[in-house]
Amino acid sequence: MRFLIGIDDTDNNRTSSTGELGRRLGLFLEQSGQGKLESVTRHQLLLSNQIPCTSDNSAICVTFEADASRRSEIEMTCRSFILREYSSGANAGFALASWAQVTAEIYTWARTVKTYIIERQEALQMARSARISTTGLTGSGKGVIGALAAIGLRFRGDDGRFIWVPNIHMLHPGIYTSAEIMGIVPFDRIENLRGRAPRPEDKIEIGDWIRPILREGRCVLLVEENRENLSGPWHLLGMDDVRKLSD
């Protein structure tokens, strides 16, 4: 069964980010033998001085494959891990859903969290209606809003960017062919903004910031041609452009 684990811990400037917490949680679940980590995605929510956050207001979704019978075990492990590792002073929230539990109402509601201030009770009611496990673990408990929103946005498949996929740490800065990259990391597509994909033998220069985006439910690594040297290697789309597209 495919599970979606939403996390929002409104981290502080002194500790690791919510994204790092999500990566470590997913890997911990996998290393403890509870299933297989598929991906970790980051989703941008509303920026407002009325919402507690650090430099941004983002939530994380961990996509995890496991036997349906292990759901309770996975939930208890997640709760314990977050309570042990969350940022001091944070309003940590957690949500857990199977893929089949995410309704149209959930992902439509999740879009509103990107543009409107939402109250905690509304998130709890949305989760309850779909029988999605949701808990405010620390502080005010308002982290449940972002946690549930991350699940809905990940399910919808057209928001956010991947901060972990299998083997992405093995792509070191350098020049690879498109085929070599696909042989290392299971991206669904490598393409430019117009949907044109490099040929398998085309070379692509990889830097140290690799963030494929979630597009049409797929993991897409965006690249662009070398405008200064048309015969030179492609390169990854710039950080600012990726952020604009995925926030």
Side-chain angles (χ1 to χ4, degrees), residues 2 4 16-20 22-23 26-27 36-47 54-65 107 110-111 113-115 149-247:
R2 197 180 198 190
L4 298 172
S16 60
S17 67
T18 308
E20 181 59 27
R23 277 190 290 257
L27 291 168
K36 183 174 178 58
L37 177 58
E38 180 185 305
S39 66
V40 182
T41 50
R42 175 199 181 277
H43 302 274
Q44 181 64 48
L45 307 177
L46 175 67
L47 288 173
T54 51
S55 58
D56 56 39
N57 179 29
S58 62
I60 299 298
C61 186
V62 177
T63 309
F64 196 74
E65 290 280 350
Y107 64 71
R111 292 290 301 175
V113 184
K114 295 177 71 70
T115 52
I151 284 178
L153 293 167
R154 173 64 183 89
F155 178 89
R156 189 71 180 91
D158 282 304
D159 179 273
R161 53 186 177 266
F162 292 82
I163 60 173
W164 188 94
V165 291
N167 299 332
I168 197 165
H169 64 283
M170 296 176 63
L171 274 182
H172 303 293
I175 295 176
Y176 304 77
T177 66
S178 179
E180 286 172 337
I181 293 173
M182 293 293 281
I184 297 170
V185 183
F187 298 120
D188 291 309
R189 297 200 299 264
I190 300 176
E191 62 185 29
N192 68 9
L193 292 175
R194 297 181 299 281
R196 179 181 168 228
R199 295 168 299 181
E201 67 274 16
D202 284 349
K203 293 181 178 180
I204 301 173
E205 184 175 3
I206 296 291
D208 56 7
W209 196 83
I210 309 169
R211 293 293 187 274
I213 70 168
L214 181 60
R215 175 180 283 183
E216 298 177 350
R218 300 184 181 277
C219 180
V220 180
L221 184 66
L222 290 173
V223 295
E224 57 184 354
E225 297 91 332
N226 190 325
R227 297 173 184 173
E228 297 180 358
N229 179 8
L230 296 179
S231 61
W234 296 56
H235 54 267
L236 299 185
L237 191 67
M239 182 188 300
D240 290 343
D241 290 329
V242 171
R243 283 176 168 164
K244 288 176 184 176
L245 287 167
S246 57
D247 282 355

Looking at side-chain heavy atoms only, is the closest gap between [X] and [Y] below 4.5 Å?
X    : Y    : answer
W209 : L236 : no
C61  : L153 : no
R156 : R111 : no
D159 : K114 : yes
P212 : I168 : yes

Calculate, to the nearest 0.5 Å, the distance between atoms [atom1] and [atom2] belonging to [X] and [Y] respectively.
X    : Y    : atom1 : atom2 : result
I151 : I60  : CD1   : CD1   : 12.5 Å
N192 : E224 : CG    : CD    : 8.5 Å
R189 : R218 : CZ    : CZ    : 6.0 Å
L37  : E65  : CG    : CD    : 10.5 Å
W234 : E205 : CH2   : CD    : 14.5 Å
L171 : I206 : CG    : CD1   : 5.5 Å

Minimum heavy-atom distance [X]-[Y], with the two atoms named:
X    : Y    : answer
F187 : M182 : O-CE, 3.0 Å
D247 : Q44  : O-CB, 3.4 Å
A197 : I190 : CB-O, 3.2 Å
L245 : L237 : CD1-CD2, 3.7 Å
C219 : V165 : SG-CG1, 4.0 Å
M170 : Y176 : O-OH, 4.2 Å

Give me each pair satisfying ring-ring contact (aromatic ring centres under 6.0 Å, His included) with a member in residues 154-174, each pair once, sequence neighbours excluded.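 Residue pairs with at least one partner in residues 154-174: W99-F155, Y107-F155.
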Side chain to side chain contact (heavy atoms under 4.5 Å, CB included) partner of S246, the single match among I213, D158, L214: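 Only match with S246 under side chain to side chain contact (heavy atoms under 4.5 Å, CB included): I213.
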Just by modelled atom types, is the I163 backbone N or O under 3.5 Å from a matching donor or acceptor in the R23 side chain?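 Answer holds: yes.
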Inspect the surroundings of CG in N167 and state if more than 12 heavy atoms from other residues, nucleotides or ligands are less than 6.0 Å away.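 Yes - once you tally the heavy atoms of other residues, nucleotides and ligands closer than 6.0 Å, there are more than 12.
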Residue R211 excluded, over 12 heavy atoms near CZ under 6.0 Å: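 More than 12 within 6.0 Å, yes.
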Can R215 and E191 be counted as an ion pair, charged N to O under 4.0 angstrom?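 Yes, this pair counts.
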